[in-house]
Amino acid sequence: MTTMIRISDWLTATPLSHAIGARFWVVPVVQSVHILAIAVVMASIAMLDLRLAGMIGREQSMQGLTRRFYPWIWGALIVLLLTGVVMIMSEPGRELLNWVFWTKMGLILGAILFTAPVRTLVEDVRYRDLPANRRALVRTCAVASLVLWVAVVTCGRWIAYAGDRT
Amino acid sequence: MSLLALCQALQDTPFATAIAESEWLFPTIETVHVLALTLVVGSIAMLDLRILGVTTRTFHVMQLSEEVLPWTWGAFVVAAISGALMFASAAAKYSANMPFRLKLCLLAAAGINMAIFHVTAYRAVHDWGHTLPSPRPARIAATLSLVFWIGVVFAGRWIGFVK
């Protein structure tokens, strides 16, 4: 914990941190971009999950849909990372000394772990040609990834409200 | 009754007061609002990008629209209700908040744009929905839609930064 406090203090003292803090508009703008990138991820995964449930796009193959959506998902995750770094730099202690933030980081790892297989499992084989247990795995990962990303967003909002600040 | 008096009356109601005084109720409603709005904006952006030809024509515009928009509407209802609850908890403060007013204007603009699109260019979507480029009125509507909805997100986030 004290290492993190030292890291946080060190980051707070950097010119970059001061530069961001000096411009009142940076954080709101960066947060808004962050939200738009979340929209890309959430809507994409929701679409794919609805397709797996057979509720929309039934004439589209799961393989084709994942090929369309996954570049957007990965691209949005990069934007989320970059905007996240800017937000941390603006006020390092707000995140780095907050257990809600670290919970969110752990959940992101989990979410990515369940998001990737939905793509890779239908990379070379169409969903309908997969054996039953593989299809079940795709569906499980698809639902789990959505649940985890929802948990990530929830933690993201709660950073502002909860967590110890030392 | 003046607007301010109305707002004051609203935030004095038991449920609005409960939201304002609770430590967790407002953040929870806010989280639901964020999740719902990401689905609204994300799904609308999907349609707009398709019309603009930024994404390739996997979907026929009409089919994408008919299948996805019901879900968009559902998410919008959730966003609107959660938004109304948050507004009620401090109605007087929010009604005087410039970004909030801007957000409502942008929402109205987005709605009007959507309505116009649906009674004009969309009427003939059967003819143009499977090819690119989409007709110019459709592309204009899609561009405006993106501008307005991105504006809604920015204005919405700005609410909390203005006293």
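All chains are named by letter (A, B, ...) in the order of the sequence lines, taking the proteins before the strands, and each is independently numbered beginning at 1. Heavy atoms only: backbone and side chains are in, while hydrogens, waters and symmetry mates are out.
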Audit row: A:Trp72, B:Leu49, side-chain contact (heavy atoms from CB on, under 4.5 Å) steps and yes/no: CA-CA 12 Å; A:Trp72 287 89; B:Leu49 291 175; 3.6 Å; yes
Pair A:Val150-B:Leu35, side-chain contact (heavy atoms from CB on, under 4.5 Å): steps then yes or no: CA-CA 7 Å; A:Val150 167; B:Leu35 288 165; 3.7 Å; yes
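Residue B:Leu107 is not grouped with residue B:Val78 when hydrophobic side chains (ILVMFWY) are merged at heavy-atom distances under 4.5 angstrom, including chains of intermediate members. Hydrophobic clustering (ILVMFWY, side-chain heavy atoms < 4.5 Å, transitive): B:Leu144 and B:Val41 are in one cluster. B:Val162 and B:Leu102 fall within the same hydrophobic cluster, where Ile, Leu, Val, Met, Phe, Trp and Tyr residues are linked whenever their side-chain heavy atoms come under 4.5 Å apart, directly or through other members. There is no path of hydrophobic side-chain contacts, each under 4.5 Å, that joins B:Val152 to B:Met98. Note on A:Trp25: it clusters hydrophobically with A:Met89, by side-chain heavy-atom contacts below 4.5 Å among ILVMFWY residues.
At a 4.5 Å heavy-atom cutoff, A:Val41 makes no contact with chain B through either its backbone or its side chain. Heavy atoms closer than 4.5 Å to chain A are found in both the backbone and the side chain of B:Val153.
Interface remark: of the candidates A:Val27, A:Val40, A:Leu36, A:Val33, A:Leu36 forms the most heavy-atom pairs closer than 4.5 Å to chain B. Chain A forms the most heavy-atom pairs under 4.5 Å with one residue out of B:Pro27, B:Gly156, B:Ala45, B:Ala75, and that residue is B:Pro27.
The local environment of CD in A:Glu59 is crowded, with over 12 non-hydrogen atoms from other residues, nucleotides or ligands closer than 6.0 Å. Sparse packing is recorded around NE2 of B:His126, with 12 or fewer heavy atoms of other residues, nucleotides or ligands lying under 6.0 Å away. Around the CZ atom of A:Arg135, the shell of radius 6.0 Å holds more than 12 heavy atoms that belong to other residues, nucleotides or ligands. Other residues, nucleotides and ligands contribute more than 12 heavy atoms inside 6.0 Å of the CE atom of A:Met105. Few gaps surround OH on A:Tyr70; more than 12 heavy atoms of other groups in view lie less than 6.0 Å from it.
The two residues A:Pro28 and B:Arg157 make their nearest non-hydrogen contact at O-CG, 4.0 Å. Scanning both residues, A:Ala43 and B:Ser43, for their nearest heavy atoms gives CB-N, 3.8 Å.
The distance from the CG atom of B:Leu39 to the CD1 atom of A:Ile38 is 11.5 Å, given to the nearest 0.5 Å. Here the straight-line distance linking atom CD of A:Gln31 with atom CZ of B:Phe161 works out to 4.0 Å at 0.5 Å rounding. Here OG1 of B:Thr38 is found 9.5 Å from CD1 of A:Ile35. Values are rounded to the nearest 0.5 Å.
For a heavy-atom cut-off of 4.5 Å, chain A lies close to B:Leu64, B:Glu67, B:Val68, B:Trp71 in residues 64-73 of chain B.
For A:Arg157, the salt bridge (Lys or Arg N to Asp or Glu O under 4.0 Å) partners at least two apart in sequence or on another chain are B:Glu30.
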